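These notes concern the structure reproduced below.
As the structure is a computational prediction, the values presented were derived from the model and not from experiment. Throughout, a chain's letter reflects where its sequence line sits, starting with A, and its residues are numbered from 1.
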Number of protein chains: 2
Amino acid sequence: MTEVREPAIDAVPIDAVLSALADPVRLTFVRALDAAGDWTCGSDVLGNTGIAIGKSTLSHHIKVLREAGLIRTRVDGIRRLVTLRYDEVEQRFPGLLAMLRERGPASP
Amino acid sequence: MTEVREPAIDAVPIDAVLSALADPVRLTFVRALDAAGDWTCGSDVLGNTGIAIGKSTLSHHIKVLREAGLIRTRVDGIRRLVTLRYDEVEQRFPGLLAMLRERGPASP
DNA sequence: CGAACGGTACGACATGGATCGAACATTGGG
DNA sequence: CCCAATGTTCGATCCATGTCGTACCGTTCG
């Protein structure tokens with residue numbers, strides 16, 4: 001198997017998406033994936049964002065995001081690569097990803 | 001005073017909005033306000049939505065939603081009326097309210 | 001084969017936040 | 001003037017979940 005099971009985009013409830021994005025770690029993670037734009041190793045994203053959490057915690061967050069339909073996980077040999085399900089998310093929740101790029105007024 | 005203090009829409013961080021909407025009670029509340037479309041009394045919304053919580057809990061949720069920039073509270077004599085800040089939210093987070101109307105796949 | 005690597009699964013723990021009840025505040029009416 | 005109606009505030013409690021550590025699993029390579 002080269003793909004990890006993920007829900008169909010139409011089967012994901014908005015509730016799950018909101019809950020998934022309500023966590024600061026996961027929000028930062030999604031923003032980083034959005035900026036990266038390509039398949040990325042999960043632990044690499046950690047390094048890029050400066051988030052300091054254990055690997056089991058990271059695994060947990062990735063699972064939540066995957067079950068919320070936001071990301072996809074691909075098995076590549078010894079590691080797992082993740083990516084935003086960009087087009088699908090945009091189709092189902094138009095404008096959502098653009099919203100997340102909004103950093104808000106806190107940018108000194 | 002006939003208005004309760006609320007943040008300017010541009011001062012609202014997306015984080016606060018996501019956290020506010022991640023709670024099922026608040027999400028239901030916002031949906032009800034959206035459907036009602038007009039000024040609505042807080043306790044009325046409770047009756048309309050069938051949510052069963054104490055009045056202090058309701059007050060708490062309203063406060064969270066107000067501080068997230070989503071609703072406005074107006075003092076009208078003995079009661080307080082709440083409403084969605086529809087146009088402002090739509091301007092700052094285009095598509096968000098439409099997303100919330102999406103009930104997801106659970107609609108038999 | 002067996003060791004190392006990258007990630008997952010599971011149990012335990014701590015903390016944030018949802019909830020409640022009671023006391024307080026404000027307004028309106030008898 | 002006092003009382004009823006409506007919300008807010010404050011403490012206390014309880015639970016969901018973010019976090020960690022350890023054990024485990026699949027893959028790769030010596």
Worksheet entry | pair B/V30-B/L21: side-chain heavy atoms closer than 4.5 Å |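 Yes. Closest side-chain heavy atoms under 4.5 Å.
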
Discussion item. Quick check: do B/D34 and B/L100 have side-chain heavy atoms less than 4.5 Å from each other?
Written reply: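 Not in contact.
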
Roughly how many Å is it from [atom1] in [X] to [atom2] in [N], rounded to a whole number?
| X | N | atom1 | atom2 | value |
| --- | --- | --- | --- | --- |
| B/K63 | C/dG17 | NZ | C1' | 13 Å |
| B/L21 | C/dG17 | CG | P | 15 Å |
| A/R79 | D/dT28 | CZ | P | 12 Å |
| B/R74 | D/dT6 | CZ | P | 17 Å |
| B/L58 | D/dT9 | CG | P | 13 Å |
| A/L81 | D/dT27 | CG | P | 15 Å |

Worksheet item: With the sugar-phosphate defined as primed atoms, P, OP1 and OP2, and the base as all remaining atoms, what B/S/- string results for nucleotides 12-26 of chain D, 5' to 3', for protein heavy atoms under 4.0 Å?
Response: ------SBBB----B

Worksheet item: Which heavy-atom pair separates B/V12 from B/F93 by the least distance, and what is that distance?
Response: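 Scanning both residues completely, I find the closest heavy atoms to be O-CZ, 4.0 Å.
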
Worksheet item: With respect to the side chain of B/R80, which nucleotide from C/dG6, D/dG7, C/dT8 is positioned closest?
Response: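 The listed nucleotide nearest to B/R80's side chain is D/dG7.
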
Give every donor-acceptor pair under 3.5 Å between a side-chain atom in residues 51-71 of chain A and any protein atom, sequence neighbours left out.
from: A/H61; atom 1: ND1; to: A/R26; atom 2: NH1; distance (Å): 3.1
from: A/R66; atom 1: NH1; to: A/T73; atom 2: OG1; distance (Å): 3.1

Worksheet item: Considering residues at least two apart in sequence or located in another chain, which fulfil the salt bridge (Lys or Arg N to Asp or Glu O under 4.0 Å) criterion with B/D44?
Response: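 Once residues adjacent in sequence are excluded, B/D44 has no partner under the salt bridge (Lys or Arg N to Asp or Glu O under 4.0 Å) criterion.
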
Worksheet item: Is B/E90 salt-bridged to B/R85, cutoff N-O under 4.0 Å?
Response: no

